[in-house]
J.: 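Mind looking over this structure? Questions follow.
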2 protein chains.
Amino acid sequence: MNKPTIRIKDIAQKANVSIGTVDRVLHNRGRVSEEVRVKILQIIEELDYQPNMIARTLGTNRTYRIAALIPDGTIDPYWQESQNGIEKAGKELQIYGVQITQYRFNQHDVQAFIDQATALAQANLDGILVAPVFYRESLPFFEQWHALSIPFVLFNTQIEESNSLSYIGQDAFQSGSLAGKLLHYGQPEGCTFLVAHIAEDIANSAHLLGKEKGFRAYFSQQPALASSYKVISADLKKPGDISFFHQLDRLLDHYPDMKGIFVTTSKAYEIATYLQHTPERNIRLVGYDLLEKNLAFMEEGLIDFIINQNPQGQGYWGIQFLADHLVFKKKVALRKNLPLDIITRENLAYYLEAAQ
Amino acid sequence: MNKPTIRIKDIAQKANVSIGTVDRVLHNRGRVSEEVRVKILQIIEELDYQPNMIARTLGTNRTYRIAALIPDGTIDPYWQESQNGIEKAGKELQIYGVQITQYRFNQHDVQAFIDQATALAQANLDGILVAPVFYRESLPFFEQWHALSIPFVLFNTQIEESNSLSYIGQDAFQSGSLAGKLLHYGQPEGCTFLVAHIAEDIANSAHLLGKEKGFRAYFSQQPALASSYKVISADLKKPGDISFFHQLDRLLDHYPDMKGIFVTTSKAYEIATYLQHTPERNIRLVGYDLLEKNLAFMEEGLIDFIINQNPQGQGYWGIQFLADHLVFKKKVALRKNLPLDIITRENLAYYLEAAQ
DNA sequence: GAAAAAAATGTGTCCGCACACATAATTTTA
DNA sequence: TAAAATTATGTGTGCGGACACATTTTTTTC
């Protein structure tokens, strides 16, 4: 039942050569006659040889330098979570010689991004994990890395044709559809829903629009719903300011049957703050991310559901994918879609627990 | 920035002894003078020595034998998933010398369980993972294993005071509350909900009752709900049989305002089959587990939400915990609560993907 | 106080693999 | 065809640690 482990030595014996020769074909170091090479390859196949990665990392004492280019977590707790995930993966992979350096930039400062991305080029890296929040400004760096043959993984924001090794994140469109389902399920009667983008540069944020598209598609694709539900969207500025409240006042006045709001960013708490003062409207609220402020409002019942974008998981898997590629020489998927976790008061605790 | 790794050799040098002596104090093998022992311990502390587990597993060529005592997956797809999770963990841990043998029993046959649990005792094991679906019959084996100092981990079904190393699973009560929330959210108007236990020996299944308790608590704990929602429960037999349909007929006749059903087992599809014929009632349905049959009905819209008990994850983590204890000598949590994943048509794909 | 016993400490090999280096076999060159 | 160059193959050491065994030091014993 327990097949014995196959070692290089076993292959060498079976092929009547020394382990050095086997080693050479395993690593394509050349200097092996074609005849022997084929024979060894065949035996490897036959015996289903699986190199012992443990021993390998012990043997080659090499290290892998990975840079993580991400927004500063001290400014936004969302990115703090990503940093945690990156550090978690870093700890797990330390024994395999993986060394991670984080290059952090202010997510509202394009120049800071450019500076960090430039600084990172000095470091003689084996791999890069990047959250490309600035679309346009990212492209030249992608080209540069690609020219230098440094593999890089994107996360959080997808950019097509970037030549990246992989993308880790969620499907924005599907995420919007899910939000549609959640609001619809809670308001079976037909009404108006608002898609609220809060304080983001929409034009440069493709995934926010993807969410809106998915949300609208949920209703338009089912003829029965298309007639009874109306979807509007708004680009709200200056949360916290009094003008923010006025914008909402106007929208609610204009659409008296508005019964649900889908916030495409992690700022659902800004809307919840407003709704606190108009409880009689009984508006359903769905947003993103397990921020403290969102959780507090969920506890109070003002936010019904939160879709978890799992920033920690994104960081974690981003590093894991790079390690799979660099250290373990595994093929990695071009894309990893993290699950769209639905969080509500009753199942919240376990997601927080799992994030440890 | 990158502190050099501390090895046994470094400690030995600093203490002016040989690596053999350091090794002896590291493993409490005795035969070291107290004076030297203290000195070495102090240096270990000071240098924050972290043994290289990689090298350690290479050095000690020992293997760890783990048995998995679980219901047969060929009878029930739910348990097939658990087996997959166990095998997945087994693959990952193979290089650390972990060997897993599965002991499978028919989940409806107490004697089969006893036979397998007895057979397993012959095997000279280092650890056991068990799904104790038979409460009473499990207890003597727990005692036996405890007496033999074989660490064991429970999953799926919790049994207090079992002396187990850990329990992996979900919180049944909270799971029921979550179901309550999902049905309530979809029927804001007040109505009757049915808790359906299908074809299980309720008396011997504490966690089914836990789910019902949690469900009822959701409504009774909020005074506003307690008055407008009524919760009934039923123990339904012989699914697939015509009598099963009759039982449901009677319940629906008796409670014309029944607007939602919570199925505590993975057999929501049995109810969905019935509801197909009475679409006009518009009854919400919440159940458990990503079985093919459930997914088909979810696709059709007859099942609204499924709570994922993640049998694969339970098996996976059960083995991981045993390995953490045996191989890596880590302290493991007494309990690991897996998240209560809410699955609906719109986010289903990613959970199936993640299960690969 | 020397031999025997016990305690303390040191040394060497192996785990599976990578890689530098040594050696053997073959081909090229003059 | 012998020396030189090239190609093919074999050997040895180290990675960090475990463990068996060897050796040295200290303590008993008579």
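Chain letters run A, B, ... following the sequence lines, proteins first, then strands; residues in each count from 1. Only this structure's heavy atoms are used, side chains among them; waters, hydrogens and symmetry mates stay out.
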J.: Is any side-chain nitrogen or oxygen of B/R29 closer than 4.0 Å to OP1 or OP2 of D/dC19?
T.: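 True: B/R29 side-chain N/O within range (under 4.0 Å) of D/dC19 OP1/OP2.
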J.: So, does B/Q314 use its side chain to make a donor-acceptor pair with the main chain of B/N156 at under 3.5 Å?
T.: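 A pair under 3.5 Å: yes.
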J.: Would you mind reading off the distance between B/E35 atom CD and C/dT9 atom C1', rounded to a whole angstrom?
T.: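 Value for this atom pair: 13 Å.
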J.: Given atom NE2 of B/H27 and atom P of C/dA8, what is their separation to the nearest angstrom?
T.: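 The distance from NE2 of B/H27 to P of C/dA8 comes to 19 Å, rounded to the nearest Å.
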J.: I'd like to check A/Y103 versus A/D115 (side-chain heavy atoms, cut-off strictly below 4.5 Å). Are they in contact?
T.: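 With C-beta onward as the side chain, the pair stays apart.
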J.: Separation of A/Q50 atom CD from C/dC17 atom P, in whole Å?
T.: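 Taking CD of A/Q50 and P of C/dC17, I get 11 Å after rounding.
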J.: Is the phosphate of C/dC17, meaning OP1 or OP2, less than 4.0 Å from a side-chain N or O of A/Y49?
T.: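 Yes, within the criterion.
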J.: Would you call the rings of B/F113 and B/F141 parallel, tilted or perpendicular if under 30° counts as parallel and over 60° as perpendicular?
T.: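 Geometry flag for B/F141 against B/F113: perpendicular rings.
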J.: Touch check for A/N52, heavy atoms < 4.0 angstrom, all strands: base, sugar-phosphate only, or nothing?
T.: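 Contact class for A/N52: sugar-phosphate only.
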J.: List the atom pairs, donor and acceptor, that lie under 3.5 Å between side-chain atoms in residues 22-33 of chain B and the rest of the protein, sequence neighbours left out.
T.:
unit_1	atom_1	unit_2	atom_2	d
B/D23	OD1	B/H27	ND1	3.4
B/D23	OD2	B/R29	NE	3.3
B/D23	OD2	B/R29	NH2	3.3
B/H27	ND1	B/D23	O	3.1
B/S33	OG	B/V36	N	3.4

J.: Does a donor on one side chain sit under 3.5 Å from an acceptor on the other, for A/Y167 and A/N337?
T.: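 No, A/N337 and A/Y167 have no side-chain donor paired with an acceptor closer than 3.5 Å.
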J.: Counting only pairs under 3.5 Å, give me each side-chain donor-acceptor contact of residues 39-46 of chain B, with atom names and distances, residues two or more places apart or in other chains.
T.:
unit_1	atom_1	unit_2	atom_2	d
B/K39	NZ	B/A15	O	3.4
B/E46	OE2	B/K14	NZ	3.0

J.: Starting at CD1 of B/I54 and ending at P of C/dA18, how long is that distance when rounded to a whole Å?
T.: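 The distance from CD1 of B/I54 to P of C/dA18 comes to 14 Å, rounded to the nearest Å.
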J.: Using whole Å, what does the distance between atom C1' of nucleotide C/dG10 and atom CD1 of B/I40 come to?
T.: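 It works out to 12 Å between those atoms.
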J.: Would you call the rings of A/F155 and A/W79 parallel, tilted or perpendicular, where under 30° means parallel and over 60° means perpendicular?
T.: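 Ring orientation, 0 to 90° scale: perpendicular.
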J.: May I have the distance from B/D23 (atom CG) to C/dA8 (atom P), rounded to whole angstrom?
T.: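 Rounded to whole Å, this separation is 16 Å.
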J.: Take the protein atom CD1 of B/I8 and the nucleotide atom C1' of C/dG10, then report the distance between them rounded to whole Å.
T.: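 Checked: the CD1 to C1' distance equals 14 Å.
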J.: How many Å lie between OH on A/Y64 and P on C/dA18, as a whole number?
T.: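 Whole-Å distance recorded here is 10 Å.
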J.: For nucleotides 4-15 of chain D, read 5' to 3', which letter fits each nucleotide if B means a protein heavy atom sits under 4.0 Å from the base, S means only the sugar-phosphate is that close, and - means neither?
T.: ---BSBBB--BB
